[in-house]
Student: 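The structure under discussion is supplied below as C-alpha cells; questions concerning it will follow.
Along the sequence shown, residues carry numbers from 1.
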Amino acid sequence: MTIAHEVERRRTFAIISHPDAGKTTLTEKLLLFAGAIQIAGSVKARKASRHATSDWMEIEKQRGISVASSVMQIEYRDCVVNLLDTPGHQDFSEDTYRVLTAVDAALMVIDAANGVEAQTLRLLQVCRARNTPILTFINKMDREVREPLDLLDEIERTLGMAAVPFTWPVGMGKSFHGVYDLRNSRMRVFRPGADRIQEADEMVADIADPAIVERFGAELEQAKNEMELVTGASPEFDRAAFLAGKQTPVFFGSAINNFGVHEVLDALADLAPPPGPRAAIQREVKPQEGKFTGVVFKIQANMDPAHRDRIAFVRVCSGQFERGMRLTIVRNGKSIRPGSVVSFLSQRRELLEFAWPGDIIGIPNHGTLQLGDTLTEGESLQFTGLPFFAPEIFQQVEIADPMKSKQLKLGLAQLGEEGAIQVFRPHHGGSLLLGAVGQLQFEVVAHRLQHEYGVPARMAPSKFHIARWVTCDDARELTRFIEANGHRVAYDAVDAPTFLASANAELVVTQELWPKVRFHALREHAGLVFQQRLDG
C-alpha cells in the first residue's frame with residue numbers, strides 16, 4: 001500500500017447548486033448507490049422522523065435546508081470518494097467557498113425547470129478561479145421542465161464552458177421515459193423510485209426496435225432527433241479541457257427517484273481527478289511526498305451537543321496520516337498528537353488509524369486549531385487560498401439575562417472560530433459586533449446560541465455597514481491609525497484589525513487621509529495574505 005497508489009484511488013469533490021435544486025437529495029442518493037446507507041432520508045418531509053444524512057443540525061431538520069457543510073467518505077468500485085455537501089443558501093456562501101478550497105472537483109446540480117440560477121453562477125466563478133473540474137447533473141426531469149437543448153445552450157452561454165452531454169433525456173414530466181447513455185449506446189428506462197434501491201433498472205440496447213419505438217412513442221423520436229443534433233454540434237469530450245475547467249460532462253436524471261445517479265457516480269470514479277499539487281507560500285506540495293501536510297478548511301462546534309466538541313476538518317494534502325503522530329501547527333509552532341481522529345459519514349463518525357492525500361479527517365480540539373491552520377511534521381509551510389469576506393450586514397447581540405454573559409462570549413467565540421458568523425471585538429470595548437454576508441446567518445446564530453449554549457439572545461441593528469481589514473508596512477503607522485480611529489476599529493477572531501464605516505463615503509475619506517494604510521475586502525487566513533474580492 002503505497003502513497004502513490006492511495007492517491008490514485010481518491011476522488012474528493014463538492015456538490016454545489018442554487019437552493020432547492022436537489023443537491024442534498026442527490027448527496028443522499030450517491031450514498032445510497034455506493035452502499036453507504038440502506039435508506040435515504042426524505043429532505044422535504046420535514047415533520048417526519050427521517051432527515052437527510054448530510055443535514056445534522058437541528059435548524060436544518062426544521063427548515064429542510066442545509067446551512068452547514070457536511071463531509072462523507074464512501075468506497076465505490078476501487079475508489080475512495082470524499083463527498084462534501086455544501087450549503088446552497090447564498091447567506092452561507094463563505095462556508096461553501098472555503099469547502100471549495102479543499103476539493104479536486106465539483107458536481108454542479110441544476111434544476112431543469114429553472115436552469116442556471118444566481119447562486120450556481122457565483123459558486124461556479126469560485127470554481128473557475130481555481131480551475132476546478134466540474135461535472136453537471138440536470139435534475140428533476142420527472143417534472144415539466146425546460147427543453148434540454150435550451151438548458152445546454154444556457155450552460156454554455158452563462159457559464160462560459162463547453163457542455164458535453166454524456167446522457168440524454170427521453171421525454172419529461174409525466175412522459176419522462178428514461179435517459180439514453182450516449183457513451184454506451186443504451187437507454188435506462190425510468191421507473192419512479194423510492195428511498196431504497198430496488199431491483200435492477202431495465203436497460204434497452206436497441207432504441208430502433210419497432211416495439212421500443214411504439215412503446216415510447218413521440219418522446220423517443222424527439223430524443224433521437226435531439227441526440228443526432230447535439231452529437232453533431234457538441235465537441236468531443238476532451239479530458240484535458242475538463243480538468244482545466246473548460247468543459248463539463250452533462251448528465252440528466254431525477255435524484256428524488258434514484259434515477260440517473262448511477263451514471264454520475266461512475267463518471268466521478270472515471271473522470272474526476274485524483275488529488276494534485278497544492279500551493280503553499282513557500283513551495284508547491286505534491287500529494288505523493290512522504291511527509292504529512294494538511295490544512296484546516298472548516299471548524300464545526302457541537303456536532304455532538306452532549307460533548308460540546310469542536311471538530312477541525314483537515315484536508316490531507318500530502319503523505320500518510322497515522323493516528324497519534326506528532327504534528328506541528330505552523331501558525332504558532334505548537335505540537336499536537338491527535339489520538340481520537342475521525343472519518344465521517346455526516347454525523348456518524350468512526351475512529352481512523354490512517355488517512356491519505358485527498359481524505360478529510362476530523363480532529364476534535366478545544367480551540368487549539370483555527371480555520372486556515374497548516375499542519376506538518378515540522379516543516380514551516382503555509383497553504384494559501386482560504387477566504388474570509390468582509391461582512392455586508394452588522395448587528396449587535398443583546399441578552400436579557402446579564403448572568404448569561406459568560407456563556408454568550410463562549411458561544412460567540414466558538415461560532416466565530418468555526419466561521420458561522422464573524423465576531424468583532426471593538427477596540428474601545430463594549431458589545432460584541434456580529435458581521436455576516438446574509439440575514440439568515442444571524443437567525444442561525446441566535447438559534448444555536450439558545451439551543452447549544454442556553455443563551456436566548458436578541459439581534460439589534462448596528463450603525464456600521466462596511467468593514468475592511470487594515471494592514472500597513474509600517475507598524476507604527478498602523479498603531480497611529482488604530483488609536484486615531486479607535487471608535488471605528490474592531491478585532492476579528494484572529495485579532496486582525498478591522499476598520500468599520502457607516503457609509504462608503506466615510507471609507508473613501510479615511511483611505512485618502514491614511515494613504516499608507518491598505519484596506520482589504522477579503523482576508524486570506526494564511527499568513528494574513530490579502531487579495532481583492534472575487535467578482536460576482
Student: Start with the C-alpha gap between Leu135 and Phe242, add the side-chain angles, then the distance that decides, and say whether side chain to side chain contact (heavy atoms under 4.5 Å, CB included) holds.
Tutor: CA-CA 9 Å; Leu135 296 95; Phe242 162 66; 3.9 Å; yes
Student: Using the ring of Phe166 (Phe, Tyr or Trp, six-membered ring only), decide whether Arg183 places NZ or CZ under 6.0 Å from its centre and within 45 degrees of its axis.
Tutor: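 Yes, a cation-pi geometry holds between Arg183 and Phe166.
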Student: Under the salt bridge (charged side-chain N to carboxylate O under 4.0 Å, His left out) rule, what pairs show up with a residue in residues 243-266, not counting sequence neighbours?
Tutor: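 Output for this query lists Arg77-Asp266, Arg188-Glu263.
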Student: Only counting residues at least two apart or in another chain, list the ones meeting salt bridge (Lys or Arg N to Asp or Glu O under 4.0 Å) with Glu8.
Tutor: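 Checked Glu8 against salt bridge (Lys or Arg N to Asp or Glu O under 4.0 Å); zero matches.
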Student: Could you tell me if the side chain of Leu220 sits less than 4.5 Å from the side chain of Tyr180, heavy atoms only?
Tutor: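 Of all side-chain heavy-atom pairs linking Leu220 with Tyr180, none is under 4.5 Å.
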Student: Which distance, rounded to the nearest 0.5 Å, do you find between the CG of Leu369 and the CG of Leu375?
Tutor: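 Result: 5.5 Å between the selected atoms.
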Student: Going by atom types only, do Ser318 and Thr293 share a side-chain donor-acceptor pair under 3.5 Å?
Tutor: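 The answer is yes; a qualifying pair exists.
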Student: Do Lys29 and His262 have side chains that get closer than 4.5 Å, going by heavy atoms?
Tutor: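 In short, these two side chains do not touch, never coming nearer than 4.5 Å.
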Student: Ring-plane angle category for Phe176 and Phe259, please: parallel below 30°, perpendicular beyond 60°, tilted otherwise.
Tutor: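 Ring orientation of Phe176 relative to Phe259: perpendicular.
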Student: Would you check if the distance from the ring center of Phe251 to the ring center of Phe137 is below 6.0 Å?
Tutor: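 Judged by ring-centre distance (under 6.0 Å), Phe251 and Phe137 do not meet the cut-off.
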Student: Mind jotting down which residue pairs meet the side chain to side chain donor-acceptor pair (under 3.5 Å) criterion with at least one end in residues 155-165? Sequence neighbours excluded, please.
Tutor: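 Of all non-adjacent pairs touching residues 155-165, those that pass side chain to side chain donor-acceptor pair (under 3.5 Å) are Asp153-Arg157.
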Student: Hey, are the side chains of Pro249 and Leu271 touching, using non-hydrogen atoms and a 4.5 Å cut-off?
Tutor: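 The answer is yes, as the side chains (C-beta and beyond) meet within the 4.5 Å cut-off.
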Student: Kindly compute the distance separating OG (Ser340) from CG (Asn365), expressed to the nearest 0.5 Å.
Tutor: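 That separation rounds to 9.5 Å.
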Student: Which residues satisfy the salt bridge (Lys or Arg N to Asp or Glu O under 4.0 Å) test with Glu236, sequence neighbours excluded?
Tutor: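 Once residues adjacent in sequence are excluded, Glu236 has no partner under the salt bridge (Lys or Arg N to Asp or Glu O under 4.0 Å) criterion.
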Student: How would you list all residue pairs meeting ring pair (Phe, Tyr, Trp, His ring centres under 6.0 Å) that involve residues 203-223, not counting sequence neighbours?
Tutor: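 Sorted result for residues 203-223: His177-Phe216.
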Student: Once side-chain hydrogen bond (donor to acceptor under 3.5 Å, both in side chains) is applied, do any residues pair with Arg323, and if so which ones, sequence neighbours excluded?
Tutor: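 Only Glu353 meet the side-chain hydrogen bond (donor to acceptor under 3.5 Å, both in side chains) criterion with Arg323.
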Student: Among side-chain atoms of Gln73 and Asn82, is any donor-acceptor pair under 3.5 angstrom?
Tutor: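 Result is yes, a qualifying pair exists.
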Student: Could you list the residues that satisfy salt bridge (Lys or Arg N to Asp or Glu O under 4.0 Å) with Arg278, not counting sequence neighbours?
Tutor: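 Partners of Arg278 by the salt bridge (Lys or Arg N to Asp or Glu O under 4.0 Å) criterion come out as none, since no residue qualifies.
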Student: Before accepting this row, confirm whether a basic side-chain N of the pair Glu202/Arg186 lies closer than 4.0 Å to the acidic partner's carboxylate O.
Tutor: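 No, Glu202 and Arg186 are not salt-bridged.
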Student: Test side chain to side chain contact (heavy atoms under 4.5 Å, CB included) on Gln282 and Gln382 and set out the steps.
Tutor: CA-CA 7 Å; Gln282 294 79 1; Gln382 183 65 65; 4.2 Å; yes
Student: Can a salt bridge be assigned to the pair Glu75 and Arg9 using a cut-off of 4.0 Å between side-chain N and carboxylate O?
Tutor: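 Salt bridge: yes.
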Student: State plainly whether the residues Asp270 and Arg239 are in salt-bridge range, i.e. N to O under 4.0 Å.
Tutor: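 No.
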Student: Looking at Ala312 and Val296, what are the two nearest heavy atoms and their distance?
Tutor: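 Nearest pair, atom of Ala312 first, then Val296: CB-CG1, 4.1 Å.
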Student: Report the distance from atom CD1 of Ile256 to atom OG1 of Thr25, rounding to the nearest 0.5 Å.
Tutor: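 These two atoms lie 4.5 Å from each other.
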Student: Less than 4.0 angstrom from a charged side-chain N to a carboxylate O is my criterion; do Glu443 and Arg448 meet it?
Tutor: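 So Glu443 does not pair with Arg448 through a salt bridge.
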Student: Measuring only between side-chain heavy atoms, which start at C-beta, is Met187 closer than 4.5 Å to Met203?
Tutor: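 No - every pair of side-chain heavy atoms lies 4.5 Å or more apart.
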Student: Please list, chain by chain and in numerical order, all residues satisfying salt bridge (Lys or Arg N to Asp or Glu O under 4.0 Å) with Glu214, sequence neighbours excluded.
Tutor: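 Expected list: none.
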Student: Looking at residues at least two apart in the chain, or sitting in another chain, which of them share a side chain to side chain contact (heavy atoms under 4.5 Å, CB included) with Gln320?
Tutor: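 Side chain to side chain contact (heavy atoms under 4.5 Å, CB included) check on Gln320 returns Glu322, Phe354, Trp356.
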Student: Got Asp373 and Val330 here, is their nearest side-chain heavy-atom distance under 4.5 Å?
Tutor: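 The answer is no, as the side chains (C-beta and beyond) never meet within the 4.5 Å cut-off.
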Student: Roughly how far apart are Asp142 CG and Asn257 CG, rounded to 0.5 Å?
Tutor: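 Between Asp142 CG and Asn257 CG, I get 5.0 Å after rounding to 0.5 Å.
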Student: Could you list the residues that satisfy side-chain hydrogen bond (donor to acceptor under 3.5 Å, both in side chains) with Asn114, not counting sequence neighbours?
Tutor: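 Asn114 satisfies side-chain hydrogen bond (donor to acceptor under 3.5 Å, both in side chains) with Asp111 only.
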Student: When you compare the side chain of Val314 with that of Val295, does any pair of heavy atoms fall below 4.5 Å?
Tutor: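 A side-chain contact is absent here, since even the closest heavy-atom pair is not under 4.5 Å.
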Student: For Val250, enumerate each residue passing the side chain to side chain contact (heavy atoms under 4.5 Å, CB included) test, keeping only those at least two apart in sequence or located in another chain.
Tutor: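 So Val250 forms a side chain to side chain contact (heavy atoms under 4.5 Å, CB included) with Thr136, Ile138, Leu152, Ala163, Thr248, Phe252.
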Student: One pair to check against side chain to side chain contact (heavy atoms under 4.5 Å, CB included): Ile155 and Ile110. What are the steps and the verdict?
Tutor: CA-CA 10 Å; Ile155 289 171; Ile110 291 177; 3.9 Å; yes
Student: Once you round to the nearest 0.5 Å, how far does CD1 of Ile134 lie from OG1 of Thr132?
Tutor: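 Going from CD1 on Ile134 over to OG1 on Thr132, the span is 6.5 Å.
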Student: Taking atom CZ of Phe297 and atom CG of Leu371, what is their separation to the nearest 0.5 Å?
Tutor: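 One gets 10.0 Å once the value is rounded to the nearest 0.5 Å.
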Student: Between Trp168 and Leu149, is there a side-chain heavy-atom distance shorter than 4.5 Å?
Tutor: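 Leu149 vs Trp168: side chains touch.
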Student: Does any pair with a residue in residues 222-235 pass salt bridge (charged side-chain N to carboxylate O under 4.0 Å, His left out), and if so which ones, sequence neighbours excluded?
Tutor: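 For residues 222-235: Glu221-Lys224.
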Student: Answer yes or no: is there an ion pair linking Arg10 with Asp359, defined by an N-O contact shorter than 4.0 Å?
Tutor: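 Salt bridge between Arg10 and Asp359, a charged N being under 4.0 Å from a carboxylate O: yes.
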Student: So, do Phe190 and Val170 sit near enough that their side-chain heavy atoms are less than 4.5 Å apart?
Tutor: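 No - every pair of side-chain heavy atoms lies 4.5 Å or more apart.
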Student: Compare every heavy atom of Pro275 with every heavy atom of Arg315, then report the nearest pair and how far apart it is.
Tutor: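 In terms of heavy atoms, the two residues are closest at NH2-CB, 3.4 Å.
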